[in-house]
*Asks:* 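Have a look at this one before I ask anything.
Naming convention: chains lettered A, B, ... in sequence-line order (proteins, then strands); numbering from 1 in each chain.
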Number of protein chains: 2
Amino acid sequence: MSENPLPILTYSEENYLKAIFHLSEEGKKGVSTNDISTEMKTRPASVSDMLRKLGDKSVIEYRKYYGVHITEDGKKLALQTIRKHRLWEVFLVEKLNFSWDEVHEVADELEHIKSKILIQRLDEYLGFPKFDPHGDPIPDEYGDVRSRPRLPLSEIEISGTGQIVAVKDSSAAFLRYLDKVGAYIGARIKVIDKVEFDGSIEILVDNKKSIFMSKEVVNNILIMQ
Amino acid sequence: MSENPLPILTYSEENYLKAIFHLSEEGKKGVSTNDISTEMKTRPASVSDMLRKLGDKSVIEYRKYYGVHITEDGKKLALQTIRKHRLWEVFLVEKLNFSWDEVHEVADELEHIKSKILIQRLDEYLGFPKFDPHGDPIPDEYGDVRSRPRLPLSEIEISGTGQIVAVKDSSAAFLRYLDKVGAYIGARIKVIDKVEFDGSIEILVDNKKSIFMSKEVVNNILIMQ
DNA sequence: ACTATTTTTTAGTATAGCCTAAATTAATAT
DNA sequence: ATATTAATTTAGGCTATACTAAAAAATAGT
Ligand SMILES: [Mn+2]
Ligand SMILES: [Mn+2]
Ligand SMILES: [Mn+2]
Ligand SMILES: [Mn+2]
């Protein structure tokens, strides 16, 4: 049953693996060198180097020129890092009064602290939260994720209703925009109108405010119906 | 008044500088390459390399073959790292129920997280603590330290009394020994007897238990009278 | 199918941080 | 004062992670 122990990754390898994991989520195809390069803000040549290393450690399957697939071991490790990232985000928001647009960079550093007991105690201290401040599910220590069904706001029909459960984009700019228009995780929305021409829509938030949202915004809000 | 901004140090440079700062505390003389090498568990050749780099960044004064002195900038930076280290230690003990012998390694990682706001909020969240779990003073954000007068238990005369305010050695082995014999920060002690031959002493802790302590132990307990 | 374009990899270089072995300087002991 | 010893630095090498430029492979357009 229990195979070789999971390999130990460097700070940098953890970041690449996390990026590959996230890119794998969208679409079943292999992840391309260029996509990783864009995500990681490094040059493609550096990515090729790193892919060889991650391949050697068996956290990805790497066939030159054909993109990469994450392995089971890779998934476990990526989910551990994601778990830490999201728990720290909860800590920052719930305990240190950070706003949801301030936590990402700091969590990107904190996620690499290596101490099993630290994360267990943190989890306990936070009351075993299931979702982070952006609505993303927090994997348990075995990497199991209880994700709720969710779909982009753009897919909701006119007069359809639902609740904002997560955001796809965690950039400060986007989150501050949401703050400005009064949108937040948990808000109830109703689609009033959809403009086919530009993909924009009009919605009602908490049955109070009517807001126009561009396609870019609408694609990054996730709804549970 | 305000000079050039302080240089940005790498993770490794921060660790070396912190070590140099601590070694500077004991005795006014320059810190030797060998002492740093011992403290950092790296070879002297690696230390020489690093001293050149730290000298280039003006956080130490480096004269080849004559040991190093830390500069004002260096002191400020070292104290910032120490502040972070000790605040995280308080967090781990007070909030996450770590025992005082478990916090050192984790804090040695956490101390490098770069976020001013994080440390300010953490400080506030902890209630602006003045001392860490080992009794060491926590510098404020300007590097000012309000240290209390303290001297090694070995210096207390027979029938002298005092309170344990800090420990010099923060190793798990030493701290667990103190737990075992019922010594802790804040405990009141009275020296019953001193053995000149081996430097050991007999003390009364909280007027209850009589304990024999070796020279090694006695040198690492700090007392306020 | 063949060429043009895009993507990816390789080759070669740089920096940080470590190492060992050799050379150099300082300290010490007679 | 000189010789021996100890401390320190230099030289050269290794690995990790980046980079640019060039080569190679895959893909797209006709
Ligand atoms: Mn990260
Ligand atoms: Mn998040
Ligand atoms: Mn450290
Ligand atoms: Mn401490």
*Asks:* Can you measure A:Asn34 atom CG to C:dT5 atom P for me and round it to whole angstrom units?
*Replies:* 18 Å
*Asks:* Is A:Tyr62 close enough to C:dT8 that one of its side-chain N or O atoms is under 4.0 Å from OP1 or OP2 there?
*Replies:* no
*Asks:* To the nearest Å, give me how far apart CG (A:Asp35) and C1' (C:dT8) are.
*Replies:* 13 Å
*Asks:* Flag the pair A:Lys114 and A:Glu14 as a salt bridge only when some basic side-chain nitrogen lies within less than 4.0 angstrom of an acidic carboxylate oxygen.
*Replies:* yes
*Asks:* Could you check whether A:Glu124 pairs with A:Arg121 (Lys NZ or Arg NE/NH1/NH2 to Asp/Glu carboxylate O, under 4.0 Å)?
*Replies:* no
*Asks:* Rounded to whole Å, how long is the line connecting atom NZ of B:Lys57 with atom C1' of C:dG17?
*Replies:* 13 Å
*Asks:* When all nucleic acid strands are considered with a 4.0 Å heavy-atom cut-off, which category describes B:Ser48: base, sugar-phosphate, or nothing?
*Replies:* base
*Asks:* Whole angstroms only, please: what is the NZ-C1' distance between B:Lys29 and D:dA7?
*Replies:* 14 Å
*Asks:* Could you grab the distance from atom CZ of B:Arg86 to atom CD of B:Glu89, nearest 0.5 Å is fine?
*Replies:* 8.0 Å
*Asks:* For A:Asp49, what residues pass the side chain to side chain contact (heavy atoms under 4.5 Å, CB included) criterion, not counting sequence neighbours?
*Replies:* A:Arg52
*Asks:* So do A:Leu54 and A:Glu13 actually touch side chain to side chain, heavy atoms under 4.5 Å?
*Replies:* yes
*Asks:* When every nucleotide of nucleotides 16-29 of chain D is labelled 5' to 3' by its protein contacts under 4.0 Å (heavy atoms), B for base, S for sugar-phosphate only, - for none, what sequence of letters results?
*Replies:* SBSBBB---SS---
*Asks:* So do B:Val93 and B:Ser99 actually touch side chain to side chain, heavy atoms under 4.5 Å?
*Replies:* no
*Asks:* In whole Å, what is the span from the CD1 atom of B:Ile60 to the C1' atom of D:dT8?
*Replies:* 14 Å
*Asks:* Are side-chain heavy atoms of B:Leu126 and B:Trp88 found at a separation under 4.5 Å?
*Replies:* no
*Asks:* Please report, rounded to the nearest Å, how far the C1' atom of D:dT10 is from the CG atom of B:Leu51.
*Replies:* 14 Å
*Asks:* Taking all atoms of both residues into account, what is the closest heavy-atom pair of B:Tyr16 and B:Ser46, and its distance?
*Replies:* OH-CB, 4.2 Å
*Asks:* Given the rule that a pair is Watson-Crick or G-U wobble with both distances under 3.5 Å, how would you write DNA chain D in dot-bracket, using | for pairs to a different strand?
*Replies:* ||||||||||||||||||||||||||||||
*Asks:* Take atom CG of B:Leu54 and atom P of D:dT9, then tell me their distance rounded to the nearest Å.
*Replies:* 13 Å
*Asks:* Evaluate the ring-ring contact (aromatic ring centres under 6.0 Å, His included) criterion for residues B:Phe91 and A:Phe91: first the C-alpha distance (whole Å), next the side-chain angles of each, then the deciding distance (0.1 Å), finally the verdict.
*Replies:* CA-CA 12 Å; B:Phe91 168 72; A:Phe91 168 71; 5.1 Å; yes
